[in-house]
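See below for the structure under consideration.
Note that ligands are numbered from 1 as they come in the structure, with each ligand's atoms numbered from 1 the same way. On a predicted model such as this, the values are computed, not experimentally measured, just so you know. Nothing fancy with the numbering, it's 1 onward along the sequence.
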Amino acid sequence: MKNLIAANWKMNPNSQKEAKEIFFAIVGPASGWDGVEVVICPPNIYLPVLKNIAMSDVALKLGAQNIYFEDKGAFTGEISVAMLTDLGVEYVIIGHSERRKYFGETDETVNKKIKMALASGLKIIFCVGETAGERDAGKKNEVLERQLKIGLLDIENLKLKIENLAIAYEPVWAIGTGNNCSVEETSASIKIIKEKLALSEVEGQVRVLYGGSVKSENSGAYIKEAGVNGLLVGGASLNAEEFVKIVKSAE
Ligand code: PGA
């Protein structure tokens with residue numbers, strides 16, 4: 001399976017013009033990318049316009065940063081999986097630590113969203129990771145186990161296509177801080193995650209990504225030395241030139 005490099009633009013940039021500029025600067029080089037799968041996750045409002053551009057280039061895929069766990073109805077401000085699949089969006093990030101921290105997401109709501117997304121054929125990037133406090137208290141393994149166990153509860157009933165599930169290990173203390181997790185520590189966490197997955201129903205080719213202050217200077221080492229199958233890139237993905245370098249390091 002190809003390495004997966006996903007760009008999480010978060011709540012950026014501020015205009016459609018800038019979104020198109022960044023995207024166009026990635027579309028050019030993307031035509032030569034064979035060995036890697038690349039997904040751009042912009043704010044939802046930019047998905048339709050970027051989709052029109054992406055249509056002409058199969059190497060780039062689009063993803064959302066969140067969904068709601070109900071299929072439709074009176075849920076003001078929310079986005080459903082049907083709206084995304086109707087648009088041809090293939091991926092969604094679920095359980096990002098910023099959603100857990102600022103928007104009250106719990107392991108249980110994350111599980112509902114994962115089930116909703118997988119049941120409708122969306123591919124997911126499921127984020128897990130410990131906070132600085134949990135790491136300092138020696139609770140990293142426990143936290144990862146809990147997030148994986150509850151997050152993936154009952155997914156075996158969904159006739160899951162294993163390639164539709166990717167896990168992103170994102171230590172919260174490494175996100176947006178410039179303090180990326182060392183290759184050694186990442187490698188140990190990836191091992192824990194893979195072991196945990198092997199015990200559950202989703203054994204097999206689940207891609208495990210790393211995210212947290214990824215830059216072109218450190219990206220290659222994660223792919224080559226930490227045993228990851230891809231990267232989830234935040235801040236650095238808004239700089240097209242930098243993002244293209246990161247993708248190249250994973251090819
Ligand atoms: P960062 O964000 O690369 O800016 O640390 C990663 C993420 O939040 O997915």
Side-chain angles (χ1 to χ4, degrees), residues 3-14 18-19 22-23 26 36-44 46-47 61-67 89-105 110 113-114 117 122-132 134-135 140 143-144 147-148 151 165-183 185-186 189-190 193 207-223 226 228-250:
N3 284 330
L4 173 63
I5 308 296
N8 177 10
W9 285 5
K10 310 192 182 189
M11 200 172 74
N12 300 293
N14 267 344
E18 285 171 275
I22 301 168
F23 196 75
I26 298 168
V36 70
E37 197 175 349
V38 180
V39 184
I40 308 294
C41 305
N44 289 330
Y46 301 139
L47 283 169
K61 295 178 177 156
L62 287 174
Q65 299 171 12
N66 180 37
I67 43 149
V89 171
E90 278 184 54
Y91 276 87
V92 62
I93 298 171
I94 297 183
H96 190 279
S97 62
E98 286 151 17
R99 299 233 35 108
R100 295 178 192 254
K101 181 174 173 196
Y102 301 121
F103 304 101
E105 288 208 0
V110 165
K113 290 181 178 194
I114 287 177
L122 272 180
K123 296 177 182 167
I124 67 164
I125 300 170
F126 166 31
C127 301
V128 297
E130 80 288 357
T131 63
E134 289 163 342
R135 177 176 179 242
K140 177 170 79 175
V143 168
L144 293 178
Q147 290 176 335
L148 288 167
L165 173 64
I167 313 283
Y169 171 58
E170 295 211 307
V172 180
W173 49 269
I175 296 178
T177 58
N179 180 23
N180 60 304
C181 188
S182 70
V183 165
E185 191 173 340
T186 302
S189 301
I190 297 292
I193 292 170
R207 285 178 289 192
V208 184
L209 321 182
Y210 167 76
S213 298
V214 170
K215 302 190 225 32
S216 61
E217 298 101 80
N218 58 35
S219 56
Y222 289 109
I223 302 286
V228 308
N229 314 106
L231 300 163
L232 179 53
V233 188
S237 72
L238 289 158
N239 176 332
E241 202 182 317
E242 174 69 1
F243 184 68
V244 167
K245 282 193 203 158
I246 292 172
V247 172
K248 289 229 165 91
S249 75

Do any side-chain atoms of residues 241-248 form donor-acceptor pairs under 3.5 angstrom with protein atoms, and if so which ones, sequence neighbours left out?
from   : atom 1 : to     : atom 2 : distance (Å)
Glu242 : OE1    : Ser216 : OG     : 3.0
Glu242 : OE2    : Ser216 : N      : 2.6
Glu242 : OE2    : Ser216 : OG     : 3.2

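With sequence neighbours left out, Ala64 forms a side chain to side chain contact (heavy atoms under 4.5 Å, CB included) with Asn44, Leu47, Leu84, Val92. Contacts of Ala221 classified as side chain to side chain contact (heavy atoms under 4.5 Å, CB included), with partners at least two apart in sequence or in another chain: Val183, Glu225.
Side chain to side chain, Tyr169 and Glu130 meet the donor-acceptor criterion of an N or O pair below 3.5 Å.
Salt-bridge check for Lys10 with Glu98: passed, with a basic side-chain N closer than 4.0 Å to an acidic carboxylate O.
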Which protein N or O atoms sit under 3.5 Å from any N or O of ligand 1? Give atom names and distances.
from     : atom 1 : to     : atom 2 : distance (Å)
ligand 1 : 2 (O)  : Lys10  : NZ     : 3.3
ligand 1 : 3 (O)  : Gly234 : N      : 2.9
ligand 1 : 4 (O)  : Gly235 : N      : 2.8
ligand 1 : 5 (O)  : Gly176 : N      : 2.6
ligand 1 : 5 (O)  : Ser213 : N      : 2.7
ligand 1 : 8 (O)  : Lys10  : NZ     : 2.7
ligand 1 : 8 (O)  : His96  : NE2    : 2.6
ligand 1 : 9 (O)  : His96  : NE2    : 3.2
ligand 1 : 9 (O)  : Glu170 : OE1    : 3.2
ligand 1 : 9 (O)  : Glu170 : OE2    : 2.7

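Rounding to the nearest 0.5 Å gives a distance of 11.5 Å between CD1 of Ile193 and OH of Tyr210.
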